[in-house]
Engineer: 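Below you will find the structure I want to go over with you.
On a predicted model such as this, the values are computed, not experimentally measured, just so you know.
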Amino acid sequence: MITESALLAKVPTQLFIGGEWVDSTSGRTIEVSDPATGLVIARIADASVADGARALDAAVAAQDSWAATPARVRGEILRRAFDLLQERKDEFALLMTLEMGKPLAESTGEVTYGGEFLRWFGEEAVRISGHYGTNPEGSGTMIVTHRPVGPSFLITPWNFPLAMATRKIAPAIAAGCTSVIKPAELTPLTTLYFAKLLEDAGLPAGVVNVITTSTSRDVSEPIIADTRLRKLSFTGSTPVGVALLKQAADGVLRTSMELGGNAPFVVFDDADLDRAVEGALLAKFRNIGEACTAANRFIVHESIADEFASRVTAAVNDFVVGRGTEEGVRIGPLINADAVAKAGALVDDAVSRGATVLTGGSAIDGVGTFYAPTVLTGVVAGSDILREEIFGPVLSIITFTDEADAVAKANDTEYGLVSYVFTRDLARGQRMIHSLATGMMGLNVGVISNAAAPFGGIKQSGLGREGGTSGIHEYLETKYTLTPNPFA
C-alpha cells in the first residue's frame, strides 16, 4: 500500500478551472488537518471571489459543447472514471481516512459506494428519453423531450468526501451539465484528487471545475446570483440550506437540497433482537455517527428496552477507538473540537434531565478529537438530544408502549430524512411505510444507501432526490412541443 506521505504528494493543491490547475488569485492557502492527530497534512489554494467567477466562466464556456456531446460518450467517460477509481481504491480510502478520520475499512466501503454513482449514471446517460403521442383531442402530436439544465453549482459536506462528490458530479455529467463544485473546507483533498481522476478519464476542460475556499459565503453568493447559473445542489445543515434556497429564489434556480436529519430507530417487541442490535450498531456508529442518515433516536418497546440496551452496550464496550489507519479500529475521531463539544453538551443535557449513561459519556483526553462511543438510556422528553442531530457516536434510548405511541414519537420532529423499523410483523411493517413521515425507510436493515435508489427527505430534511432513476432528472429540463395533426 502507498505510504501516507507519498499519497499526499500526489494530491493536487491548486484550484481546477477550465481544465487547468491554477493558484488562487488571493495567494492564500487553507490548512487541512488530520483530526486523529491535529497535524496539518496539506496546504491548498484558498479561492477568492474572482476565482469563483473564473470557475463559473469556464463551466458556462463548456456548456454548449458538452450538452451536444453524445450521451454514449458522456457515459463512457463515467465508466472510465469508475474503472480508474477501482484501480486507485486504496489511495482514495487512505486519503479519506487521513482528512476525515473514519476507519480505513469504512473509507474502502465509501469508495465502493461512491464509485457506484459513476457506474449507475454512466448507464443512465444513454437512457434519457422522452414521449411522443397524439393528444386526447386528436388535434396534434405531443413531443416531450429532456435537455440539460445547464451550468450547476454543487456544494458538498465534509463527512463523505467521495460519495457526496460523485453523487452530484456523475448525474450532472450524464445529463450534459457542466459544473462548479465546492467541497467542504475540512475535507477538500478527496474532491481534488477525484478531479485529477476525471481529467485522467478524459473529461473535457471546463465540464467540472473545483474551487476550495475558507470564505464559502463570499465566494458562493456571486455564483448563485449569476444569471448564467441554472442549478444549485447542496448537502449540509438545514439552516444553511434554507439560506441558500432564499438566494436561489432570485434566479429561480433548480435546486436539490439534502439537509439535516433526526432519524428514529423503532424496535417493536416482536423484533429479531439480534438483527435489531446489529442494525442499530450500523445505523448509529457507521461513519463515527457523522452521517445525516445516522439513527438519532432509538425508540424501543418498553418490554424489551432493558435487554436491547444491555446488548448494545456490551457491543459498544468492545469497540476499539483510535486513528482510522490502525488495525481493528471501529471508532475514529470526530471531525473537530466543535463536534466533540456538541456531543458532550447533548449528553450532559440528557443526563441532567434524568438519563443514565451505560457506557462512554465523555471526550477522550489526548491528541485528536475523540469522543467515547456512548449509550444513554432513560432519555426523557424535552432533552436536546431528541431534537438535535447528534453527529457523533452517541446512542440514546427512549421507550414506547404501543404502535400508535411509537409512530407519534418517531414523527415528533421537524425533520424527515430516514427512519428505521424492526419488526417481524409484515402488516405492521407495511403500516410503518405509510405512517412514518420520512423520505426513506429501512425495514429490518440498518443501512439503506444505494446508488440505484432515490436518496432524499421531506419537511426540513430537504427536497429533490439523488441517485436512482430520479437523480438524473434533477439535472434535466422538460420541454413539451405540440405539432398539428398532419392528417387533419
Side-chain angles (χ1 to χ4, degrees), residues 52-53 55-56 59-60 63 67 117 121 124 128 146-160 163-184 191 207-211 213 216-261 292-293 389 414-418 438-440 453-479:
L56 182 58
V60 170
Q63 178 59 52
F117 289 104
F121 285 111
E124 287 294 285
I128 299 171
H146 299 289
R147 56 193 296 175
V149 168
S152 304
F153 187 33
L154 316 176
I155 305 175
T156 56
W158 51 262
N159 56 337
F160 289 94
M164 297 302 96
T166 59
R167 197 161 77 181
K168 296 181 189 301
I169 291 173
I173 288 175
C177 295
T178 60
S179 64
V180 176
I181 183 166
K182 188 192 76 62
T191 302
V207 175
V208 172
N209 306 274
V210 184
I211 54 173
T213 182
S216 294
R217 177 179 296 181
D218 291 345
V219 172
S220 296
E221 283 185 353
I223 295 175
I224 296 171
D226 195 302
T227 57
R228 299 172 300 169
L229 186 74
R230 298 313 314 143
K231 164 79 181 182
L232 171 64
S233 179
F234 169 75
T235 298
S237 72
T238 296
V240 175
V242 169
L244 290 172
L245 281 170
K246 291 177 180 177
Q247 295 172 40
D250 288 338
V252 196
L253 297 180
R254 283 284 297 276
T255 57
S256 302
M257 295 281 152
E258 197 265 284
L259 307 178
C292 56
T293 55
E389 194 170 21
E414 62 188 345
Y415 298 101
L417 185 60
V418 62
T438 56
M440 303 177 287
F455 188 105
I458 61 175
K459 301 193 289 186
Q460 293 288 309
S461 288
L463 49 87
R465 293 295 182 268
E466 295 183 307
T469 55
S470 305
I472 198 167
H473 284 278
E474 296 286 338
Y475 294 87
L476 293 170
E477 297 283 13
T478 299
K479 185 170 186 177

Engineer: If we ignore hydrogens and angles and just use 3.5 Å, is the side chain of Thr438 paired with the main-chain N or O of Met440 as donor and acceptor?
Structural biologist: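 The answer is yes, because a donor-acceptor pair under 3.5 Å joins these two groups.
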Engineer: Do any N or O atoms from the side chain of Ser461 and from the backbone of Leu417 form a donor-acceptor pair under 3.5 angstrom?
Structural biologist: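 Side chain of Ser461 to backbone of Leu417, a donor-acceptor pair under 3.5 Å: yes, one is there.
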Engineer: So, does Asn209 use its side chain to make a donor-acceptor pair with the main chain of Leu56 at under 3.5 Å?
Structural biologist: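 Absent.
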Engineer: Rounded to the nearest 0.5 Å, how far does OG of Ser256 lie from CG of Leu463?
Structural biologist: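 So the CG of Leu463 and the OG of Ser256 are separated by 7.0 Å.
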Engineer: When you check the gap from the basic side-chain N to the acidic O, do Arg465 and Glu258 get nearer than 4.0 Å?
Structural biologist: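 No, Arg465 and Glu258 are not salt-bridged.
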Engineer: Using a 4.5 Å cut-off on heavy atoms from C-beta on, say whether the side chain of Thr235 contacts that of Ile155.
Structural biologist: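 No, their side chains stay 4.5 Å or more apart.
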Engineer: Between Cys292 and Phe455, is there a side-chain heavy-atom distance shorter than 4.5 Å?
Structural biologist: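 Side chain of Phe455 against side chain of Cys292, heavy atoms only: contact under 4.5 Å found.
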Engineer: Mind checking whether Phe234 and Leu154 have side chains closer than 4.5 Å, heavy atoms only?
Structural biologist: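 No, too far: nothing below the 4.5 Å cut-off.
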Engineer: Of the non-hydrogen atoms in Tyr475 and Ser152, which two are nearest, and what is the gap between them?
Structural biologist: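 Shortest heavy-atom contact: CD2-OG, 3.9 Å.
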Engineer: Tell me, yes or no, whether the heavy-atom count around Arg147 atom CZ, taken from other residues, nucleotides or ligands under 6.0 Å, exceeds 12.
Structural biologist: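 No, the 6.0 Å shell around CZ holds no more than 12 heavy atoms from other groups.
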Engineer: To check you understand the geometry: which heavy-atom pair defines the closest contact between Ala248 and Leu232, and what is its length?
Structural biologist: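 That closest heavy-atom pairing would be CB-CD2, 4.1 Å.
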Engineer: What distance separates Leu245 CG from Leu259 CG, expressed to the nearest 0.5 Å?
Structural biologist: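 Rounded to the nearest 0.5 Å, the CG-CG separation comes out at 7.0 Å.
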Engineer: Report yes or no: does Thr178 contribute a side-chain atom to a donor-acceptor pair with the main-chain N or O of Val207 at less than 3.5 Å?
Structural biologist: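 A pair under 3.5 Å: no.
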Engineer: Does some side-chain heavy atom of Glu124 sit less than 4.5 Å from a side-chain heavy atom of Ile128?
Structural biologist: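 Side-chain contact under 4.5 Å: no.
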Engineer: Of the non-hydrogen atoms in Val149 and Cys177, which two are nearest, and what is the gap between them?
Structural biologist: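 Where Val149 meets Cys177 most closely, the heavy atoms are N-SG, 3.6 Å.
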Engineer: Using a 4.5 Å cut-off on heavy atoms from C-beta on, say whether the side chain of His473 contacts that of His146.
Structural biologist: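 Result yes, sub-4.5 Å side-chain heavy-atom pair found.
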Engineer: Which pair of non-hydrogen atoms, one from Lys168 and one from Ser233, has the smallest distance, and what is that distance?
Structural biologist: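 Minimum heavy-atom separation between Lys168 and Ser233: NZ-OG, 2.9 Å.
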Engineer: So does Gln460 get a backbone contact from the side chain of Thr238, meaning a donor-acceptor N/O pair under 3.5 Å?
Structural biologist: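 Judged by distance alone, yes, a pair lies under 3.5 Å.
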Engineer: Without swapping roles, check the side chain of Arg230 against the backbone of Val252 for a donor-acceptor pair under 3.5 Å.
Structural biologist: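 Side chain of Arg230 to backbone of Val252: a pair is present.
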Engineer: For Leu476, is there any backbone N or O sitting under 3.5 Å from a side-chain donor or acceptor partner on Thr478?
Structural biologist: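 Flag not set: sc Thr478 to bb Leu476 has no pair under 3.5 Å.
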Engineer: So how far is it from Ile173 CD1 to Phe121 CZ, rounded to the nearest 0.5 Å?
Structural biologist: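 The CD1 atom of Ile173 sits 11.5 Å away from the CZ atom of Phe121.
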Engineer: Would you check if the side chain of Glu466 reaches a backbone N or O of Gly471 as a donor-acceptor pair within less than 3.5 Å?
Structural biologist: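 No.
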Engineer: Grab the two heavy atoms, one from Glu221 and one from Gln247, that are nearest each other, plus how far apart they are.
Structural biologist: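 Scanning both residues, the minimum pair turns out to be CG-OE1, 3.4 Å.
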Engineer: Answer yes or no: is there an ion pair linking Lys231 with Glu474, defined by an N-O contact shorter than 4.0 Å?
Structural biologist: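 A salt bridge is present here (some side-chain N lies under 4.0 Å from a carboxylate O).
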Engineer: So how far is it from Ile224 CD1 to Asp250 CG, rounded to the nearest 0.5 Å?
Structural biologist: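 Going from CD1 on Ile224 over to CG on Asp250, the span is 10.5 Å.
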Engineer: For the residue pair Phe117 and Gly467, what are the closest heavy atoms and their distance?
Structural biologist: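 Heavy atoms of Phe117 and Gly467 come nearest at CE2-CA, 4.1 Å.
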Engineer: Counting C-beta onward and ignoring hydrogens, is there a side-chain heavy-atom pair between Phe153 and Ser220 closer than 4.5 Å?
Structural biologist: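 In contact.
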Engineer: Could you measure the distance from the CE atom of Met164 to the CD1 atom of Ile169? Nearest 0.5 Å is fine.
Structural biologist: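 Going from CE on Met164 over to CD1 on Ile169, the span is 11.5 Å.
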Engineer: For Glu477 and Arg254, run side chain to side chain contact (heavy atoms under 4.5 Å, CB included): C-alpha distance rounded to whole Å, both residues' side-chain angles, the deciding distance at 0.1 Å, then the answer.
Structural biologist: CA-CA 9 Å; Glu477 297 283 13; Arg254 283 284 297 276; 3.4 Å; yes
Engineer: Could you walk me through whether Lys182 and Thr191 satisfy the side-chain hydrogen bond (donor to acceptor under 3.5 Å, both in side chains) test, starting with their C-alpha distance in whole Å, then the side-chain angles of each, then the deciding distance to 0.1 Å, before giving a yes or no?
Structural biologist: CA-CA 9 Å; Lys182 188 192 76 62; Thr191 302; over 6 Å; no
Engineer: So do the side chains of Ile211 and Ile223 get within less than 4.5 Å of each other, counting heavy atoms only?
Structural biologist: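 Side-chain contact under 4.5 Å: yes.
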